[in-house]
Each structure stands twice: as C-alpha cells, then as structure tokens.
Amino acid sequence: MSALLTLLIHPVAADDTRTDFADTFTGVAATEPALRVGELSTQRGDGIFETIGVVDGHAQEAGPHLERLRNSARICDLAAPNVAQWTAAIERAVSALPATGEFSIKLVLSRGVEHGPAPTAWLVAQSAPDFSAVRVDGIRVVTLDRGYDRLAAERAPWLLLGAKTLSYAVNMAALREAARRGADDTIFVSSDGFVMEGPTSSVILRHGEVYSTPAPSGAILHGTTQMSLFEHIEASGKPAEYREIPVADLESADAAWLVSSVRLAAPITAIDGRPVPVDADETRAFTEYLLSPRD
Ligand code: PLP
C-alpha cells in the first residue's frame, strides 16, 4: 500500500495558541528519506501512534483519537501534543485524499533523535485495505496468554500498558502465532484468566441482549471504535457494559466481534476452534453505523 501523503509535523507546545499551523508541516514525497537514522522511534520503538479511519472525506472520531494520543504521551513522559496542530494536520491530510472511499491516517509522535532537541512527528495517509469480505465472512481467533495479569498496569506503570506505543513487535508476533494455529486473529487473555483485547482491536461480546467489553484497567487500550459502538448500542436502548470478563464467557457468547478503526467490526466465527454464532444482520448494522460520519 503506497502512501498518498506524508507530512512531517514540527511539534509546537501544547499551550501554543497560534491558529495557523501551515509552516509547521512539511510535505515529503513517499519515495524520499524523511527520518534520521538516530530516530528513537526506529531504534527503540520509543514513541506513540494513532490510526484513524477516513470514510468518504471524513476523519472518524478524530477527537477521541487525539485524546488517546494525549494520554499515551502522558504515560510515556512525552511532551503533550498540541491538539489544534494535530487537528490541522488531519484536516490537511483529509483535504488531500479522494472525496470517496476508505483511507487510514497514521499519526506518529516519537521521542526524536537521541540527545536531539525535539520530538519527531509525522502523519501518513494511505488507502485502506479492502475489508468488505472480512466484515461479512468474519474471522477465526485463538486465545493467547498475554503473560501478565489484568492488574499489571497499576503495579508496573513503566510497562506503559495503557499507551499506544510504537512497540508492536509482540502484537505482530501474536498474529503470526494465530496464523500458525490456523486462525486469523488473536484475543489476548491475562495470566489470571480474563479477556483483554486483540493485538490491534477491542473485544465486544453479546450474551442475550447485553453487550460487554473488558473494563479499562490500564492494561488494555480504550478503543475509540468500541466506545463509539457502545454509544450507538445504548442509544438504541440496549445495555452495554464494561466488566471483568472471565475467559469462560467467550464460550457462552451469543455473538462476538473484534472492532478497530479501519477494519471496523469483524464478526468472530470461531474461538480456539469452537464455532461462535454470527449475527449477520446486527454485524451489517454495525458496519453501516461505523461507516457513517462519526465524531
Ligand atoms: N487495542 C489495541 C492493542 C489496538 O492496537 C487497537 C487499535 O489499533 C485497538 C485496541 C482498537 O482501537 P481503535 O478502535 O481506536 O482503533
């Protein structure tokens, strides 16, 4: 997938009140080098990111994504992002994209070059993969031990568990392990036996009429797609709750999804080889909602 737009962002202080950020952005041709070899993002994965879906010229949930970027920066002791600057960068990217179709915008904020004067930041906009079949046909998942208990984040904040850091090597390894086991994706399970999240997604279950997702404990990311879908579910009068979900509840689910910003709601068809019922009508309604403009 080639980048449609790459923009270097020269971060300004969070309390900088300027309203025109044009001279803080530098367009870079996708084929040109743009980062220095001393970048801590590449040397150590020391930075944070967000991936935002763009549908027909609208950046979905830009506010919640920037709020999570701010939270990740706080957890990682990075300078707070200037939300107006990042909003301007997103707007500039959206205006450069085609007016129809699905795209993704990745925002990256890194600690910069070792001993360097400033953080490094950039944005990449590209076409989204075609997930239309996955949104209907669904995915098979396996559960994998995350290797720590659900309270690890509070006990060991230096693990940066609630931050969306660039260190995704473990998440990608979990997807390869899923493939080795004949599945498409993973649900991480805490060492004390509770459902956590996917390597790039949140988990939503339905038991009867009640929807649930793991309570944000600091050990998982609070998904913008899950939050948006819960608002939608509650607005239609159905109960949606955060709770501690024992692994056994995966077996009794009447429907289950992995949800994320670009793939949207992928219905789960099997967990560890056991079939899970798929509610095709509801999944279609979720997709329709998630493709509508959302803020
Ligand atoms: N959890 C993890 C670990 C993720 O990487 C992601 C998205 O990439 C999510 C959850 C879902 O977040 P969102 O719905 O904001 O895309």
Side-chain angles (χ1 to χ4, degrees), residues 45 47-55 58-72 75-76 86 90 102-109 124 126 128-129 131 134-135 139 141 143-148 150 152-153 159-175 177-178 184-190 194-205 211-233 240 242 245 256-268 286-287 289-292 294-295:
I48 55 177
F49 78 104
E50 282 296 320
T51 303
I52 302 178
V54 178
V55 180
H58 185 84
Q60 304 282 50
E61 305 284 347
H65 278 287
L66 290 176
E67 186 46 45
R68 193 169 59 190
L69 189 76
R70 268 161 51 94
N71 190 45
S72 297
I75 294 171
C76 295
W86 285 92
I90 294 167
E102 291 183 50
F103 304 89
S104 70
I105 294 179
K106 185 168 184 174
L107 314 176
V108 182
L109 174 61
V124 179
Q126 53 193 11
F131 285 124
V134 168
R135 291 171 189 161
I139 49 174
V141 307
T143 54
L144 293 182
D145 185 352
R146 191 69 176 90
Y148 46 72
R150 71 194 185 294
L159 295 179
L160 308 179
L161 296 180
K164 195 165 165 68
T165 75
L166 291 168
S167 312
Y168 260 45
V170 168
N171 304 43
M172 297 301 105
L175 291 179
E177 180 61 23
D184 309 297
D185 213 320
T186 296
I187 293 178
F188 280 132
V189 171
S190 64
F194 290 86
V195 175
M196 300 184 84
E197 62 185 346
T200 63
S201 57
S202 312
V203 179
I204 297 181
L205 304 179
Y211 298 80
S212 62
T213 197
S217 63
I220 61 173
L221 286 187
H222 203 172
T224 62
T225 317
Q226 171 268 310
M227 281 190 270
S228 178
L229 214 38
F230 266 32
E231 267 175 34
H232 175 68
I233 289 167
Y242 291 94
I245 302 180
W257 298 265
L258 287 185
V259 306
S260 52
S261 293
V262 181
R263 191 172 61 182
L264 304 181
I268 296 176
F286 281 174
T287 302
Y289 166 69
L290 292 171
L291 286 172
S292 68
R294 293 179 288 122
D295 288 310

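All ligand and atom numbering here is 1-based and tracks the order in the structure. The first residue in the sequence is number 1, and the count goes up from there.
- The residues Lys164 and Glu50 are annotated as not salt-bridged, no charged nitrogen and carboxylate oxygen being separated by less than 4.0 angstrom.
- Residues passing the side-chain contact (heavy atoms from CB on, under 4.5 Å) test with Val108, sequence neighbours excluded: Phe49, Lys106, Trp122, Leu166.
- Contacts between His65 and ligand 1, counted as non-hydrogen atom pairs separated by less than 4.0 Å, involve the side chain only.
- Applying the ring-ring contact (aromatic ring centres under 6.0 Å, His included) rule to Phe103 yields no partners; only residues at least two apart in sequence or on another chain are considered.
- For ligand 1 and Glu197, the ligand atoms under 4.0 Å from any heavy atom of the residue are 1 (N), 2 (C), 3 (C), 10 (C).
- Using a non-hydrogen distance threshold of 4.0 Å, Gly198 registers as a contact of ligand 1.
- No donor-acceptor contact under 3.5 angstrom links the side chains of Tyr168 and Thr200, judged on distance only.
- Residue contacts with ligand 1: Arg68 is placed with a nitrogen or oxygen under 3.5 Å of a nitrogen or oxygen of the ligand (distance criterion only).
- Taking a cut-off of under 4.0 Å to the non-hydrogen atoms of Lys164, the atoms of ligand 1 that pass are 4 (C), 5 (O), 6 (C), 7 (C), 8 (O).
- For Thr225, heavy-atom contacts with ligand 1 shorter than 4.0 Å involve the backbone as well as the side chain.
- For a threshold of 3.5 Å applied to N or O pairs, the pair formed by His222 and ligand 1 contains no separation below that value.
- Using a 4.0 Å heavy-atom cutoff, Thr200 is listed among the residues neighbouring ligand 1.
- Under 4.0 Å from ligand 1, not a single heavy atom of Pro64 appears.
- If you check each of Ser201, Ser261, Ser260 against atom 9 (C) of ligand 1, the one with the closest non-hydrogen atom is Ser201.
- Within the 3.5 Å criterion, the main-chain N or O of Ile204 finds no donor-acceptor partner in the side chain of Gln226.
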